[in-house]
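Written out below as structure tokens is the structure these notes cover.
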Amino acid sequence: MKKLKSSGLSKEEIIQAYQAILRGRRLDERLWQLTRIGKTSFNISGQGAEVAQVAMALAFEPEKDYFLPYYRDMTACLVWGMTPKDIILGSFGKEDDPSSHGRQMPNHYGSKEHNIVSHSSTVSTQMPLATGVAYAAQLENKDYVALTTTGEGSANQGEVQEAMNFAGVKKLPVIFVVENNDYAISVGSKEQYANKKMSERAAGYGFSGETVDGSDFTETYLAFVKAVKDARAGKGPALIEMMVSRLTSHSADDDHTIYRSKEELDTLKEKDPLLAFEKQLIDEGYMTKEEMQAMDKELKAEINKATDDAEAMLDPTPESLYEQVYAE
Amino acid sequence: MKKLKSSGLSKEEIIQAYQAILRGRRLDERLWQLTRIGKTSFNISGQGAEVAQVAMALAFEPEKDYFLPYYRDMTACLVWGMTPKDIILGSFGKEDDPSSHGRQMPNHYGSKEHNIVSHSSTVSTQMPLATGVAYAAQLENKDYVALTTTGEGSANQGEVQEAMNFAGVKKLPVIFVVENNDYAISVGSKEQYANKKMSERAAGYGFSGETVDGSDFTETYLAFVKAVKDARAGKGPALIEMMVSRLTSHSADDDHTIYRSKEELDTLKEKDPLLAFEKQLIDEGYMTKEEMQAMDKELKAEINKATDDAEAMLDPTPESLYEQVYAE
Amino acid sequence: MAEMTYLEAINKGIEEEMARDEKVVIFGEDVGGVKGGVFGVTKGLAQKFGDDRCFNTPLTEGEIAGLATGLGLVGYRPIGEFQFADYMLPAVNQILSEAGRMRYRTKGDWTAPVVFRAPYGGGVRGGFYHSQSTEKIFFGQPGLRIVTPSNPRDAKGMIKAAIRSDDPVIFYEHKRLYRLLKADVPEDDYIVPIDKAKVVREGSDITVIGYGMVLQHAMNAAEKLAKEGIEAEVVDVRSIYPLDKETLVEAAKKTGKVLLVTEDNKEGSVMGEIAAIISEEALFDLDAPIQRVAGPDVPAMGYALPLEREFLVNEEKVMDAMRELAEF
Amino acid sequence: MAEMTYLEAINKGIEEEMARDEKVVIFGEDVGGVKGGVFGVTKGLAQKFGDDRCFNTPLTEGEIAGLATGLGLVGYRPIGEFQFADYMLPAVNQILSEAGRMRYRTKGDWTAPVVFRAPYGGGVRGGFYHSQSTEKIFFGQPGLRIVTPSNPRDAKGMIKAAIRSDDPVIFYEHKRLYRLLKADVPEDDYIVPIDKAKVVREGSDITVIGYGMVLQHAMNAAEKLAKEGIEAEVVDVRSIYPLDKETLVEAAKKTGKVLLVTEDNKEGSVMGEIAAIISEEALFDLDAPIQRVAGPDVPAMGYALPLEREFLVNEEKVMDAMRELAEF
Ligand SMILES: Cc1ncc(C[n+]2csc(CCOP(=O)(O)OP(=O)(O)O)c2C)c(N)n1
Ligand SMILES: Cc1ncc(C[n+]2csc(CCOP(=O)(O)OP(=O)(O)O)c2C)c(N)n1
Ligand SMILES: [Mg+2]
Ligand SMILES: [Mg+2]
């Protein structure tokens, strides 16, 4: 693992990064809990991808860059500006949910305020959209960048090829990301594609691709820093594949113990990127265990409050079903 | 240009190859003529791709291999077993047209008898179909191969990615071909894709890709011989890009002088692969000019007869519009 | 006879056909292996018939459709599963341009005897993209059949008929019916026609026409209204396209009062065509305007419970409309 | 006033909007450069507004649709051209899942004010895949508008309205009308509403409802029948979805005898819904069954002239049906 120091981030920034990662994990655990106790009906989560997502998102400027995420990107969305309450509002399907006002299923993030474009359940449709957002930057001669993500299974959709192809032709400021967690529901990546790395596909569209170990914060962060810099400078798109873990079942509707062995699951847990990152923080002298525990406590309180606040909000009214079909 | 001898083909076979090439050219000219004089309403042709198509098709065994062509592949279809009359029947839209019985526009080849699968106008839809045909070979443990072609513009369709991806995963006996003539109607290849070669895309799906000079008969033929051998042996798919010329307008509905300079068109004509192949045949001692002229004369007579025969056939009846909507 | 759910009946039907004919193969996302589909419809099939005949595909619906059609071309009886009906949209081109038109465009030379299975419908908190009725998108495309069973007995008999049909068939399965209904299903090798509607309840006062989940509401309402002295004739459309006009028109004429019920949006649904047929062929037998109970004309049901409830047709809405029509 | 073809009127409307608002951009296959589209609708626009605002895309319809939506998200007014309506099929997922649902799924936070243009319709020897009416595929999808003008004046005014609309609009152009019709078109900046049908001929005996090319047949037939003393009210639907129910129902009530005319297949076309609306809202005003003149229920018109002719609705077929209805 690359040293955190070589990321170029200050100690304070690294600690903030850790906070973002831990917030993501704790909030994610909360969402599962809400589903388990029947307060929400669904969850799909990013446990095992938090380190990668924070390293990715920190390379951008959320006030001007656009994010077109997919459903596992809660932690990245938090870095981009959404709050735990925003997320939980979505899980409850409340009227004030900024993602969809209770219209989409939980974990379909979006926020007009924070330049996070709404995504749908239909996988990878966000990728062509990202090229439109990026083309606008070119038309306006602005230096913002569009970031868009998907899974390694979903990356096989034809629309992804079409989007990458167009981005290559126009040298668009768009960064395509594949979060490779080795599974698409129950289907292992060997059944999804025969190439060694998904990042190899970029060459077929005339731009650069790179695969990073998503549990290596510095490696991931630096890959994005470079890609963002190039994109802002008009050098065109990039494809970054982040190798991550899926620590949980695919979603609340899935039970991964059916198709994953106990051994595999045990190894996964041992290799939890969060634990590795914590060890690195301690080893490299950024934080002590006690400081982490204190932070954890704070975050849990923050999330408890966010949960209570969100739960107290209103559901959409039945009548609101008829609103915003067309421009009014 | 590679010597014809190094193709491993006998003198007789090389001369037959030339005959197939010349037949393609003469028949193609006839189809344009029929449109020009108003006897048919449409033509789209493969002038400039004949050498490549014959070199490609000769590497297969048409009695057992399947061909899923696209609209420029007339010459390859002739090698696969269709006759000039079959082709002209399609141009006239006659009932006996084996491609579609007058239902599709001209140049949409197909022949159940000759293992040539019907293709549609919607570009590249044949590529997923080819994976199905190839998967059947695997299921049945047979060693037939599916060949499917498209243009360099059409190769950007998402369905092509999906087909290549699946073929890679299952190591299917299917050979994908891009006939790269530098144009998609008026759109130059620089506006279609940013990669240097279309064959580079194969690596993104875990199999081999190769770009050949389609005016080099031997190079093209040998590339296919190898790909076919590998596919039959269960080593999986290949992507072959053939660099060819489009000597004509895109189709009878297009006028390429609007978007191609006179200079470009003059150069194209000079570099006509047919002329280069004829020169090579003479230089390498396969044929004399006189022998070629004699062959040309024969072919013209053959095509004249085919035209007359085809024209004399019946149109579909209006009532036949209602046939074969569903199984009867 | 064995008591079975709708889901088990489909599984059983497929299993019987796979045992009977080795040309029957089935594939899709999560379809193979131990998972056997996200709903479990294909559970056990990979174990029984091998990983070649029941397998996972990459996450690419266009390819699923094209693969099926390609297999159909060379003599197979493929069943392609779409994980949700909402996710048929990436495959529309393949389904309509290829499978649906193959027979006609070759006048029967090439055919695509494929089955496309898809769970559809709402009421499972699936929100926007896991609840849709997508049959209207494929409706009215001659060459293609669309069917859906409404009970376990039909489910087994119709999936068997669909597999044996030489036509391409879209086979919709209402996901709420999967486990809701349990009924006696014959254990022998019967088929239920896929081109016939069925009168499922005789009555003389009003005629209710529907399919899928809403038929449950109609049947329940009919039983209750019978106690008020209102006798409803209830017709299960089953064969959505082409429609069994004869049965539908006859049922309409019988009572002269027609209520059309669908879970889909009101305007543009299949019921519009049924209304058109009745008003063309039975206008003077009608004693009341043709009424429709349907989802509202908003894009989709929302995730939040008040939105899902407001959208969905339920027993009460159907019963109110039936009573009103009876009193007309 | 200036005399213009339907095609010129659309070109002019787009030009005016591009001059008025720099956020209007247009793109598609062959749309840019000197070619200006295969029909010439975008001719001159690249020269006037630059290659950034009028440009060629790669041959990828999914990307065309997604690019448009992405641009729409960030304030642009994009127009994506599909070269033929038949080739919208690869883009169905993007059009329906993204553009058509963006506003609703975010309750108006994100919107997609895009125009998708597509030439449709037969009678140009386009055979299977260059003649289709594809509007039924997109019909009945709340959130999306579908319109088509039937004359040059409407063509200019409606394309301008579509560009200014905050809703996603599919704008169908009948390819036979492109050069068939020449009429006076105001040179000023007018718009024609895209949510209203229009009574184009007043009459008291029968009501004929249609759009596009068939409306020409209806108008011609109406003039001829007037000499026999039959006065037809003729309505141009124009706004195919959502329908202008009020105008349609009123026109139906006015004469009590309704003939619906469409070039599409008879069953499953837009006319089914119009019949349903009329039979729901005006049943007791009807003096005759609602009749339809339409294409037959076969997949598509064939290329051979006898097949194309047999398929197409023409003046004679419309006139016969009008006379029969008048005499009912
Ligand atoms: C077009 C489409 N097809 C199928 C699905 C159902 N589905 C949802 S997630 C998923 C697996 C995605 O796997 P991957 O892309 O690897 O992402 P991951 O969930 O592993 O992060 C599937 C099949 C869908 N949402 N959209
Ligand atoms: C899906 C689809 N979109 C658009 C078209 C219209 N079209 C027909 S051929 C063509 C250009 C094809 O170019 P290329 O793939 O390079 O093949 P070439 O004609 O040069 O051999 C286009 C745009 C089509 N047939 N299908
Ligand atoms: Mg994955
Ligand atoms: Mg080309």
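Just so it is clear: chains get the letters A, B, ... in the order the sequence lines come, proteins before strands, and each one is counted from 1.
Note: C:Leu71 CG to C:Tyr76 OH = 7.5 Å, rounded to the nearest 0.5 Å. The CG atom of C:Leu180 sits 6.0 Å away from atom CD of C:Gln216, with the distance rounded to the nearest 0.5 Å.
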message: side-chain contact (heavy atoms from CB on, under 4.5 Å), that's the test. Do A:Val187 and C:Leu59 meet it? Break it down for me.
response: CA-CA 9 Å; A:Val187 181; C:Leu59 212 176; over 6 Å; no
query: Could you walk me through whether C:Val318 and C:Val214 pass the side-chain contact (heavy atoms from CB on, under 4.5 Å) check?
result: CA-CA 8 Å; C:Val318 177; C:Val214 297; 5.5 Å; no
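Only the side chain of C:Val38 has a heavy atom closer than 4.5 Å to any heavy atom of chain A.
In plain terms, the two heavy atoms of C:Arg101 and C:Leu96 that are nearest each other are CD-O, 3.3 Å. Closest of all the heavy-atom pairs between C:Gly40 and C:Leu7 is O-CD2, 3.8 Å.
Here the side chain of C:Arg53 pairs a donor or acceptor atom with the backbone of C:Met18 at under 3.5 angstrom.
Interface summary for chain A: among C:Pro58, C:Gly32, C:Gly302, the most heavy-atom pairs under 4.5 angstrom belong to C:Pro58. Between chain C and the options A:Gly158, A:Ala184, A:Pro318, A:Pro316, heavy-atom pairs under 4.5 Å are most frequent for A:Pro318.
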What are the atom names and distances for all donor-acceptor pairs below 3.5 Å between chain C and chain A?
residue: C:Asp30; atom: OD1; partner: A:Ser186; partner atom: N; Å: 2.7
residue: C:Asp30; atom: OD1; partner: A:Ser186; partner atom: OG; Å: 2.6
residue: C:Lys35; atom: NZ; partner: A:Asp254; partner atom: OD1; Å: 2.5
residue: C:Asn56; atom: ND2; partner: A:Glu191; partner atom: OE1; Å: 3.1
residue: C:Asn56; atom: ND2; partner: A:Glu191; partner atom: OE2; Å: 3.4
residue: C:Leu59; atom: N; partner: A:Gln192; partner atom: OE1; Å: 2.9
residue: C:Leu59; atom: O; partner: A:Gln157; partner atom: NE2; Å: 2.9
residue: C:Glu61; atom: OE1; partner: A:Gln157; partner atom: NE2; Å: 2.7
residue: C:Tyr303; atom: N; partner: A:Gly102; partner atom: O; Å: 3.4
residue: C:Tyr303; atom: N; partner: A:Arg103; partner atom: O; Å: 2.9
residue: C:Tyr303; atom: OH; partner: A:Ser41; partner atom: N; Å: 3.4
residue: C:Tyr303; atom: OH; partner: A:Ser41; partner atom: OG; Å: 2.8
residue: C:Ala304; atom: N; partner: A:Gly102; partner atom: O; Å: 2.9
residue: C:Glu310; atom: OE2; partner: A:Tyr322; partner atom: OH; Å: 2.6

